[in-house]
Amino acid sequence: MSIIHQKSIQGLIMDSRETANTFQVFKQSADNYIKRRNQRLLADHQKERRNFTRAEAANYLGIASNTLDKYVKQTNIDPKRHEDSQWSVDLPDI
């Protein structure tokens, strides 16, 4: 290998710290891109609300159905007011 060729290669060689730093920059850029892309996609396609049955809601919240009934009663919601009625409440609202 000629001396000129060796010097040009030496200018391209990175030590392990420089390599790690470079890949960290690549990772951060990729993470930022994915975050921006996902925010843009979610802004246009909001997840539809899901209605839970009493049993599903209690299971999802990890509480007994009686406890769920108690919380519903405290909000003055009467789910049995109309036959075949559905109601939906956000958890933050409760």
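Every heavy atom of this structure was used, including side-chain atoms; hydrogens, water molecules and symmetry mates were not. Residues take their numbers from the sequence shown, with the count starting at 1. Given the structure is predicted, the values throughout are model-derived calculations rather than measurements.
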*Can Lys27 and Asp31 be said to form a salt bridge (Lys or Arg N to Asp or Glu O under 4.0 Å), step by step?*
CA-CA 6 Å; Lys27 178 197 176 301; Asp31 289 345; 2.5 Å; yes

*Please test Val25 against Thr22 for side chain to side chain contact (heavy atoms under 4.5 Å, CB included), starting from the C-alpha separation and ending with a verdict.*
CA-CA 5 Å; Val25 170; Thr22 300; 5.8 Å; no

*Distance in Å, Leu68 CG paired with Asn59 CG, rounded so as to fall on 0.5 Å steps*: 11.5 Å

*Within a reach of under 6.0 Å around CZ of Arg37, are more than 12 heavy atoms found that belong to other residues, nucleotides or ligands?*
yes

_To check you understand the geometry: which heavy-atom pair defines the closest contact between Ala58 and Ser65, and what is its length?_
CB-OG, 3.8 Å

*Rounded to the nearest 0.5 Å, how far does CG of Leu61 lie from OH of Tyr71?*
9.5 Å

*Rounded to the nearest 0.5 Å, what's the gap from CD on Gln24 to OG on Ser29? Could you check?*
10.0 Å

